[in-house]
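What follows is one structure encoded as structure tokens, with my remarks underneath.
The sequence lines fix the lettering, A, B, ..., with proteins before strands; numbering per chain opens at 1.
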Amino acid sequence: MAKLQAIRGMNDILPDQTPNWQYLEKCFQEVVHRYGYREIRFPVLEQTQLFKRSIGEVTDIVEKEMYSFDDRNGDNLSLRPEGTAGCVRAADQHGLLFNQQQRLWYQGPMFRHERPQKGRYRQFQQFGVEAFGMAGPDIDAEIIQLSASLWNDLQLSDYLTLEINNIGAAEDRKRYAAALTAFLFSHADELDDDARNRMHSNPMRVLDSKNPDVQVLLKNAPALLDYVSEDSTEHYSTLKALLEQVGISFIENPRLVRGLDYYNNCVFEWTTDSLGAQGTVCGGGRYDGLVEQLGGKPTVAAGFAMGVERLVLMLDSLGKIPPSTAQVIDVYMLVVGKELTAASQLLAKQLRERFPALRLVAHCGGGKYNNQLKRAYNSGAEVAIVLESEPGEVLETVKIRRLDDSAEFVSVELAKTADKLGEILSIS
RNA sequence: GUGACUGUAGCUCAGCUGGUAGAGCACUGGACUGUGACUCCGGUGGUCGCGGGUUCGAAUCCCGUCAGUCACCCCA
């Protein structure tokens, strides 16, 4: 029978890697707590309609990347491709957004059916932050500052660049899209196939075209900036001033157009060139219209999401994982002789009770002294406790041996093992 | 969805222009050693991703398929 394997693009994270993930999770949680954000958890599955209405019908995500299926009731469900939609649904459904402000964070797997490559997988992990009910640019600055705090804690600041842009209010973009479409229509014969397709479905994304000929043509296209309302412009310039005042440098990227329809006004991305093609590590912005669009009362909002796999890759390749993150044990207990099974388990239990923080592995499975000692060395433990007796003999003493080059050891009465161990390891 | 490269023991790989497989590490038995690592001797372990085809004969050529890697696209 053929062996079953993991679904394409869905990775197993093995014990060698999990400490790195735990380190990143710990840092992220410390930062969000520092800023007073509270965790929210919501399902991995939602009605497909939720994502269509929030992300947008004609986006790549909804058109070709969602894992959708009919469940046994005939409802069409989808694995969440991102977190914001579910977060808004959950928060609104439970009244968290009714005339109040909320600062929320979440973490969990997202799913998109794309071709896997470095930093891009079909199941991937995101950290996200969503702030509701705050209209000013101060909250935008806050979440950007929050992300910058994390880069600082992770020692990644030198490798990340903040890009920002103002994409205007929803009405602004509507008017602009109309003007842009008209322009593109009048030059349709000069566009490539890709641009011509997008011209109908999502004209703003023609601006992203990598085709140099198209880019030349676009120089004469209407500019979004000319359609952005005064309110938006003022909001945006206040944000820029705030960022400068708190010492966060940024570059303005007028071509930064996020792939999800719900964004408005200021959007941002943190990018790096140390990851290959998938350079975006964190992306977000305002989405003032989304709550209402999903049936809630009008509620302004802003948020971002970051890709955990990409951050782990960065930390790994840049050598930014602290050595203390590695999980090692303190004590390896050798058990030489079958008759000692009960004695070893009892002693191990007593030691764990006496030193709750002690990490102790008691050997199981028998085997020769040599093999067990080898395992003890390979485990990275600081000391080994050796239980050894001849058949029929009662165990009265144990040896405590340092697992370094000195190989020093002492014999100690069984009953005094804990005291001696505490002395040797300087713990109490 | 498109393209390029790759797919041989648990891991890293060798196997020239086709004649049905090897090394190192790891694991394991033993020798040495007052007890791991070092050194020496022995052993377990692969239907060469899977399925077809060409051939007297294929890991080695051809086709398909699955998977991995990277890029396009898009995004975290």
TODO: Pick the P atom in B:C41 and in B:A23, then give their distance to the nearest Å.
DONE: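 These two P atoms come out 13 Å apart once rounded.
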If you compare every side-chain N and O of [X] against the phosphate oxygens of [N] (OP1, OP2), does one of them come in below 4.0 Å?
X: A:R375; N: B:U28; value: yes
X: A:K64; N: B:C73; value: no
X: A:K368; N: B:U28; value: no
X: A:N370; N: B:G36; value: yes
X: A:Q117; N: B:A71; value: yes

Task: Along RNA chain B (nearest heavy atom to each residue), the more 5'-positioned of A:V308 and A:L275 - done: A:L275
Open item on the list: Quick check: on RNA chain B, is the nucleotide nearest A:H113 upstream (toward 5') of the one nearest A:R310, or the reverse? Name the residue that is more 5'.
Closed with: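 On the 5' side of the pair lies A:H113.
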Side-chain contact test, heavy atoms from C-beta onward, threshold under 4.5 Å: evaluate it for [X] versus [Y] and give yes or no.
X: A:I40; Y: A:W105; result: no
X: A:Y159; Y: A:M314; result: yes
X: A:L150; Y: A:M306; result: yes
X: A:M10; Y: A:F111; result: yes
X: A:Q123; Y: A:M110; result: no

TODO: Please name the residue in the list A:R375, A:R359, A:R401, A:H363 that meets the side chain to side chain donor-acceptor pair (under 3.5 Å) test with A:Y332.
DONE: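 Per the side chain to side chain donor-acceptor pair (under 3.5 Å) rule, the option paired with A:Y332 is A:H363, out of A:R375, A:R359, A:R401, A:H363.
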Open item on the list: Using the side-chain heavy atoms of A:R115, tell me which of these nucleotides is nearest: B:A76, B:U28, B:C72.
Closed with: B:C72
Open item on the list: Given B:U28, B:A67, B:G36, identify the nucleotide with an atom nearest to the side chain of A:Q5.
Closed with: B:A67
- [ ] Start with the C-alpha gap between A:T84 and A:E130, add the side-chain angles, then the distance that decides, and say whether side-chain hydrogen bond (donor to acceptor under 3.5 Å, both in side chains) holds.
- [x] CA-CA 7 Å; A:T84 301; A:E130 315 287 358; 2.8 Å; yes
Open item on the list: Parallel, tilted or perpendicular, judged at 30° and 60°: which one describes the rings of A:F28 and A:F127?
Closed with: parallel
Open item on the list: If stacking means aromatic ring centre less than 5.5 angstrom from the base's six-membered ring centre, planes under 30°, is A:F124 stacked on B:A76?
Closed with: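 According to the criterion (under 5.5 Å, under 30°), yes, A:F124 stacks.
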- [ ] Test side-chain hydrogen bond (donor to acceptor under 3.5 Å, both in side chains) on A:E269 and A:N165 and set out the steps.
- [x] CA-CA 9 Å; A:E269 282 185 8; A:N165 189 27; over 6 Å; no
- [ ] Could you run through nucleotides 5-10 of chain B and give me one letter per nucleotide, 5' to 3': B if any protein heavy atom sits under 4.0 Å from the base, S if only the sugar-phosphate is that close, - if neither?
- [x] ------
Open item on the list: What I want to check is whether an N or O donor and acceptor connect the side chain of A:K399 with the base of B:U35 at under 3.5 Å.
Closed with: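 Answer yes: a donor N or O sits under 3.5 Å from an acceptor.
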- [ ] Give, ordered by number, those residues of residues 21-38 of chain A having at least one heavy-atom distance below 4.0 Å to an atom of RNA chain B; if nothing qualifies, reply none.
- [x] none
Task: Stretch residues 6-16 of chain A: residues that reach within less than 4.0 Å of RNA chain B through a heavy atom - done: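 Close to the strand are A:R8, A:G9.
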TODO: Name the pairing partner of B:C73, where a pair is Watson-Crick or G-U wobble with both distances under 3.5 Å, or state none.
DONE: none
Task: Base paired to B:G57 (Watson-Crick or G-U; both N/O distances under 3.5 angstrom) - done: none
